[in-house]
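Quick notes on the structure that follows.
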There are 2 protein chains.
Amino acid sequence: MKYSSQTRLLVAVDCIIFGFDGTDYKLLLIQRGFAPEKEKWSLMGGFVQPEESLDEAAERILKQLTGLHDVYMEEMQAFSQPDRDPIERVIAVAYVALIDIEKYQTQINDDFHARWYSIKELPNLIFDHKKMVEIALTKLRYKAAFHPILFELLPEKFTLPQLQAMYEGLYDTKIDKRNFTRKVLSTKLLKKENDKDKSSSKKGAFYYSLDEDHYKENFTNIHNFIPRNEIPAGVE
Amino acid sequence: MKYSSQTRLLVAVDCIIFGFDGTDYKLLLIQRGFAPEKEKWSLMGGFVQPEESLDEAAERILKQLTGLHDVYMEEMQAFSQPDRDPIERVIAVAYVALIDIEKYQTQINDDFHARWYSIKELPNLIFDHKKMVEIALTKLRYKAAFHPILFELLPEKFTLPQLQAMYEGLYDTKIDKRNFTRKVLSTKLLKKENDKDKSSSKKGAFYYSLDEDHYKENFTNIHNFIPRNEIPAGVE
DNA sequence: AATATTAATTGTCTTTTTTACACTATTAAA
DNA sequence: TTTAATAGTGTAAAAAAGACAATTAATATT
């Protein structure tokens, strides 16, 4: 017994993979090796297979490109304009992933001609991928204002100046150091380490790391990482 | 030229339609007239047609059931476990709609044996529809804490006590009248009308209505409708 | 050895926002 | 006119957020 009278459609997953290099937000793009739009830049995507869920498809695709699993990733939105792919109708479900750029394993992705692009200097992207990225950034700004997700972009140990630069980069604003530090430490999400990062100053900045237990318990709580007047309008 | 080697899948849209009757939150459900699960209760759904987007499919389906269009509705999440429908694999994209229960046009839906159920007394639902509703409620609680979406559940003119009851119902809590009134009026989203609703008290409560211009402009802004300690954890 | 340089670290006061809390006003019904 | 039932309103205390700049630590330079 089947729903025999109904039309079946191609369903794909596209991964919007963000990284942060200490200064800029980056997007991991691939150069398509196949038509249509061969050699144009694109998000990494793939068709959903008969026996896998969308989440599984997204994980498979992220693994293919980056070698990484257990990465922060969530469903963002479906893109379903019938003509969005000129070859044939494909419904794409966009996923957003945040990864520590240093964990990215370049050897695995060589097949895909992948490259990190600064989000300020994106190349032209195929289909509606530009729109996907814009929406992803808007949603990221919104969510990161209240939830500690940006930590996923940093290595295990990071300094407060690095953390602040990451927030300042996303919202393109300057935040007062003292107020920022107070807010962040008041969340109790961070543990101070004993060593310092001396790569960017003579004095050196103490490393911090996530207090994993506290982090998981409080992840869904509402925090307030950026000043009120920088909080972006929501999406939709 | 087609993506000929790929498997195509059925894609459906399911509508989670919320209403509020002054006391309780309601969900509009239909009694399925066809197998599988004939006569069981279900969300209203339908397959995505070849020439329509998911948004269009959701609107079509909502219109079929309720006679309403131009309704607040947004994509929530995809449900894609391969075995979620026992007949055949179907990827469902869940949409959440908020409607003024009084606008619901009963004559149109008679085909579907539709009924409003209090969310406190839901019947068993088919497939994973129960899960969809739970997630929808969690997300609604989260979003409504910061954005003025619940107004979509009320008629054009409503009173402050009605409004407060609606918030108290969603978060299952009591809110101080004075603080609630101050917060709500400080958003500038409301216009005070000159007449009163006397149906629930002798004194009567003044009607208010949305200041449409202000509402649209400020819709995506962050507001704060409920006390801090009632703000729910986010979803995910 | 002293000094210069560079970025990290730290505290206080003011303003704004939120919360806690209880009496008066209005009108229909008895 | 009394009663009953819900609507409407203000203030003070607490908490959170914002504005603001001097000191510290370590290295590099002279």
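The chains referred to below are lettered A, B, ... by the order of the sequence lines, with proteins before strands, and numbering in each begins at 1.
Rounding to whole angstrom units, CZ of residue B:F206 and C1' of C:dT26 are separated by 10 Å. The CZ-P distance, from B:F180 to C:dA22, rounds to 21 Å in whole Å. Counting to the nearest Å, the C1' atom of C:dA7 and the OH atom of A:Y207 are 15 Å from each other.
Residues meeting the ring-ring contact (aromatic ring centres under 6.0 Å, His included) test with A:F20, sequence neighbours left out: A:Y25. Residues satisfying the salt bridge (charged side-chain N to carboxylate O under 4.0 Å, His left out) test with A:R228, not counting sequence neighbours, are none.
Ring planes of B:Y72 and B:F219: tilted class, angle from 30 to 60°.
If you check residues 186-203 of chain A against DNA chain D, the residues with a heavy atom closer than 4.0 Å are A:K196, A:K198, A:K202, A:K203, listed by number. At a non-hydrogen distance threshold of 4.0 Å, B:P161, B:K177, B:R178 from residues 160-179 of chain B come into contact with DNA chain D.
Each of A:N229 and B:R182 was assigned the nucleotide of DNA chain D with the nearest heavy atom; the assignment lying further toward the 5' end belongs to B:R182.
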When the side chains of residues 159-168 of chain A are checked against the rest of the protein, which donor-acceptor pairs come out under 3.5 Å, sequence neighbours left out?
| from | atom 1 | to | atom 2 | distance (Å) |
| --- | --- | --- | --- | --- |
| A:T159 | OG1 | A:Q162 | N | 3.2 |
| A:Q162 | OE1 | A:T159 | N | 3.4 |
| A:Q162 | NE2 | A:D197 | OD2 | 3.4 |
| A:Q164 | NE2 | A:E168 | OE2 | 2.9 |
| A:Q164 | NE2 | A:I175 | O | 2.6 |
| A:E168 | OE2 | A:I175 | N | 2.9 |

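With a heavy-atom cut-off of 4.0 Å to chain B, the contacted part of DNA chain D has its first and last nucleotide at D:dA4 to D:dA16.
Residues B:E74 and B:K143 are paired through a salt bridge, judged by an N-O separation under 4.0 Å between the basic side chain and the carboxylate. Taking a cutoff of 4.0 Å between a charged side-chain nitrogen and a carboxylate oxygen, A:K188 and A:D211 do not qualify as a salt bridge.
Within 6.0 Å of atom CG in B:N194, 12 or fewer heavy atoms from other residues, nucleotides or ligands are found, so the atom counts as exposed in its surroundings.
Between B:H147 and A:Y142, the gap from one ring centroid to the other is short of 6.0 Å.
In the model, A:E156 has no side-chain atom that pairs as donor or acceptor with a side-chain atom of A:S209 under 3.5 Å.
One N or O on the side chain of B:E75 and one on the backbone of A:A78 form a donor-acceptor pair closer than 3.5 Å.
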